Amino acid sequence: MSLLSVRDLTVKFAMRDGNVTALNQVSFDLARGERLGIVGESGAGKSITGFSLMNLLSSPGYIADGTIQFQGQDIVNLPDAKMRNIRGNRMAMIFQDPMVTLNPVLTIGQQMVETLKAHRRLSKAEAEQIAIMKLRQVYIPSPEERLMQYPHELSGGMRQRIVIAIVLLLDPELIIADEPTTALDVTIQADIMELLLELCQSAKVGLILITHDLGVVSQMTDRTLVMYAGRIIEAGSTREIINDPQHPYTQGLINALPQQTAPGQRLKQIPGSMPSLTAVPKGCPFEPRCAFATDVCRSTPPEIVRHAHVEVACHEVNRLHAPQQEGQSA
Amino acid sequence: MLAYLVKRIFQAIGVMFVISLIGFAIQDNLGDPLRELVGQSVTEEVRQELREELGLNDSFTKQYTRFLGNALHGDLGTSYFFKEPALDVILKKLPATLELVFGATLIIVCLSVPLGVMTAIRPNAILSKFIMGASIIGISIPVFLTAILMIYVFSVGYGWLPSFGRGDVVHVFGDWDTNFANVDGLRHIIMPSFALASIMLPLFVRLIRAEMMEVLQSEYVKYARAKGIRPWRIYFVHALKNTLLPVITVGGVQIGTMVAYTILTETVFQWPGMGFMFLEAVNRVDTPLIVAYLIVVGFIFVVTNTVVDLIYGLVNPTVKLARLGA
């Protein structure tokens with residue numbers, strides 16, 4: 001049994017002039033202890049996928065269709081109280097900006113103890129002992145003193161470590177990390193990612209890492225989903241996707257990395273920008289920016305199918321990748 | 001902390017100085033105190049003598065310096081009407097006013113928090129819409145009209161509550177008689193307190209609602225949900241504590257304002273407090289009493305604001321009072 005199984009997940013936003021589809025029939029699985037990266041541009045639906053898994057979409061967003069099975073249990077229609085028992089307990093989330101995720105008027109200790117007490121019957125002293133242990137695990141110096149401190153007394157990197165410690169409090173089976181290092185200094189970013197990887201590996205915790213950084217994905221995850229305009233357009237093992245991307249968009253993303261360009265040269269960017277969710281083309285969403293688009297791309301949205309080692313949603317993938325081509329393909 | 005305190009106290013003294021100057025300066029324009037003091041049958045020579053005796057012929061600066069010197073010794077002049085030190089007259093009336101303000105504050109605190117939180121959590125509920133509508137009416141109707149309406153309905157109409165006075169008060173000590181010790185006293189203070197609260201309460205409900213709605217959108221509230229915290233704890237611990245920070249600041253100023261609003265409420269309910277006394281003093285052109293009242297009310301204002309700033313530092317951990325003083 002897989003840890004998480006998402007089928008045809010569709011999320012809509014009820015707007016004044018009709019519904020906007022933010023997630024379109026997203027399906028994927030996650031095995032126990034597996035680490036999955038979700039990459040894509042801003043607005044591709046990465047974060048919405050994360051919040052849907054926690055059943056924490058804020059209105060006007062809602063899950064319109066599909067199922068999310070967490071350890072065999074469908075959580076889409078779970079009553080609020082039951083879902084609350086899962087959140088923070090068996091499934092925990094790390095938010096993007098540690099400067100605003102911790103409550104400014106509660107001490108670190110209060111925010112840790114309340115999380116434990118929400119899910120287990122513990123005395124305050126017992127809860128504090130667990131909190132101190134977890135703070136040690138994320139390499140926070142003098143954890144006993146931290147419990148008395150307020151978030152504003154700590155640096156951004158320190159705060160994100162504390163958020164990670166809070167996530168670990170109840171030994172969850174799945175951690176969803178929504179761009180956990182975007183708001184941090186570059187030097188701290190690597191530390192935090194390393195810490196996260198180490199903790200996930202040692203405790204066999206499933207991880208869903210939402211990011212726009214392909215470099216991070218390649219170091220951290222076993223499998224990768226590439227999202228575009230609310231759909232999964234390519235999915236497979238991270239190594240295959242990085243080394244041999246099949247979808248023209250993924251190829252464009254990898255070619256746009258600075259490592260792919262000689263110093264002093266212009267970065268190879270993908271022309272155009274992602275369509276607004278209110279005006280997604282009726283065919284392939286990437287078609288307006290794609291150099292290989294044909295008539296069928298303009299008229300019919302592509303199905304996601306198995307190709308080579310990955311799954312990919314592209315009509316022209318066979319033409320692009322018939323046999324392994326020489327040189328650059330995009 | 002100490003440096004901040006000292007700084008605040010110096011500021012307060014400066015404000016008090018300005019208030020005394022303004023208060024003293026207007027007394028020249030309040031009419032001739034001699035007319036009230038001696039009536040019409042007294043000859044002009046006697047009047048001049050009295051003027052000289054009272055120091056009314058001295059220059060403004062001389063009069064003001066004398067006033068200030070006396071004020072520093074706790075002497076704010078002698079009431080022409082009561083023939084007693086003005087400060088004593090006011091202090092005798094002060095407990096009644098403070099009890100009224102306390103009653104109104106109690107109503108505001110007890111009602112505005114639940115109502116504000118409720119209307120923020122369920123903005124579309126019919127009850128919330130009713131509360132918001134009623135709050136607009138409450139803000140719009142002047143206090144004296146609310147007070148008269150209440151008397152008309154609850155005293156004249158149903159006869160449930162007494163319409164004037166403090167009723168059966170219990171002596172505590174000194175000049176302090178309390179309304180909060182027996183049923184009759186409580187029955188007398190209910191309507192004046194609600195009348196006094198009628199403007200501030202809707203204001204606070206709306207303020208708490210607006211702040212709360214903003215806080216509920218914040219990341220840390222979303223994060224608390226992601227931790228599996230129960231909704232009541234999110235509302236009343238995570239959100240409310242952040243909501244109250246700006247509310248406390250406004251609240252402190254408003255308590256001072258309420259002392260001033262008591263003039264209307266006390267007059268309608270014939271409440272024997274400072275406000276009622278002030279209105280009588282104006283009618284009698286009892287200038288020393290008027291000036292003393294202005295100074296005492298200004299003093300209450302300054303003290304409440306200073307205390308509120310200090311409390312704010314205690315509630316908000318990001319304000320380090322020690323750092324502010326440096």
Side-chain angles (χ1 to χ4, degrees), chain A residues 47 50-51 53-59 80-108 110-120 148-153 159 162-163 166-170 172 175-178 183, chain B residues 1 113 117 119-125 128 208 211-249 251 308-324 326:
Chain A
S47 292
F51 281 111
L53 298 179
M54 296 288 284
N55 215 333
L56 267 182
L57 285 173
S58 41
S59 97
D80 234 30
K82 289 233 170 92
M83 191 62 221
R84 208 164 53 232
N85 289 336
I86 296 179
R87 277 186 212 129
N89 185 11
R90 290 156 59 195
M91 189 197 281
M93 190 159 178
I94 301 171
F95 281 36
Q96 187 166 347
D97 187 352
M99 305 310 263
V100 293
T101 44
L102 294 170
N103 194 320
V105 299
L106 300 177
T107 61
I108 305 299
Q110 285 172 317
Q111 300 191 50
M112 295 187 86
V113 168
E114 69 167 7
T115 312
L116 279 161
K117 283 192 153 183
H119 300 289
R120 298 228 176 111
M148 318 295 250
Q149 284 183 311
Y150 288 95
H152 71 271
E153 297 173 69
R159 286 192 219 184
I162 283 165
V163 170
I166 291 176
V167 159
L168 294 175
L169 279 175
L170 289 135
I175 295 175
I176 300 165
D178 184 5
Chain B
M1 176 73 191
V113 171
V117 170
T119 50
I121 297 172
R122 304 255 177 278
N124 294 319
S128 298
I208 291 175
E211 289 293 335
M212 184 89 173
M213 286 180 99
E214 205 181 307
V215 169
L216 286 177
Q217 296 296 317
S218 68
E219 283 287 302
Y220 53 80
V221 165
K222 213 172 184 185
Y223 181 62
R225 289 211 177 98
K227 292 198 299 184
I229 307 294
R230 280 169 195 287
W232 69 262
R233 190 174 161 89
I234 293 180
Y235 294 139
F236 287 98
V237 178
H238 285 257
L240 189 61
K241 221 175 160 191
N242 284 286
T243 301
L244 288 183
L245 290 180
V247 174
I248 288 173
T249 325
V308 164
D309 278 359
L310 295 174
I311 290 176
Y312 186 81
L314 294 180
V315 180
N316 187 355
T318 55
V319 176
K320 276 275 173 291
L321 291 180
R323 225 179 295 149
L324 283 178

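Below, chains carry the letters A, B, ... as their sequence lines are ordered, and counting in each starts from 1. Since the model is a prediction, treat every value here as computed from it, not as a measurement.
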Quiz item: Do you know the tightest heavy-atom contact between B/His238 and A/Leu106?
Solution: CE1-CD1, 3.7 Å
Quiz item: What is the minimum heavy-atom distance between B/Lys241 and A/Val105, and which atoms define it?
Solution: NZ-O, 3.4 Å
Quiz prompt | Best-contacting candidate, B/Ala226, B/Ala224, B/Ser218, against chain A by heavy atom pairs under 4.5 angstrom | solution = B/Ala226
Quiz item: Between A/His119, A/Met93, A/Met54, A/Met83, which residue shows the highest count of heavy-atom pairs closer than 4.5 Å to chain B?
Solution: A/His119
Quiz item: Taking A/Leu56, A/Val167, A/Asn55 one by one, which has the highest count of heavy-atom pairs under 4.5 Å against chain B?
Solution: A/Leu56
Self-check item: Most chain B-contacting option - heavy-atom pairs closer than 4.5 Å, from A/Leu102, A/Ile94, A/Ile176, A/Asn85
Solution: A/Leu102
Practice problem: Look at the side chain of B/Lys227 and the backbone N and O of A/Gln111, then say whether any donor-acceptor pair between them is shorter than 3.5 Å. | Solution: yes
Self-check item: Minimum heavy-atom distance between B/Tyr223 and A/Val163, given as atom pair plus value
Solution: OH-CG1, 3.5 Å
Quiz item: Just how far is it from atom NZ of B/Lys222 to atom CZ of A/Phe51, taken to the nearest 0.5 Å?
Solution: 4.0 Å
Self-check item: Shortest non-hydrogen separation from B/Ile229 to A/Ala118 and the atoms involved
Solution: CD1-CB, 4.2 Å
Practice problem: Can you see which heavy atom on A/Arg84 is nearest to which on B/Gly228, and at what distance? | Solution: CG-O, 3.4 Å
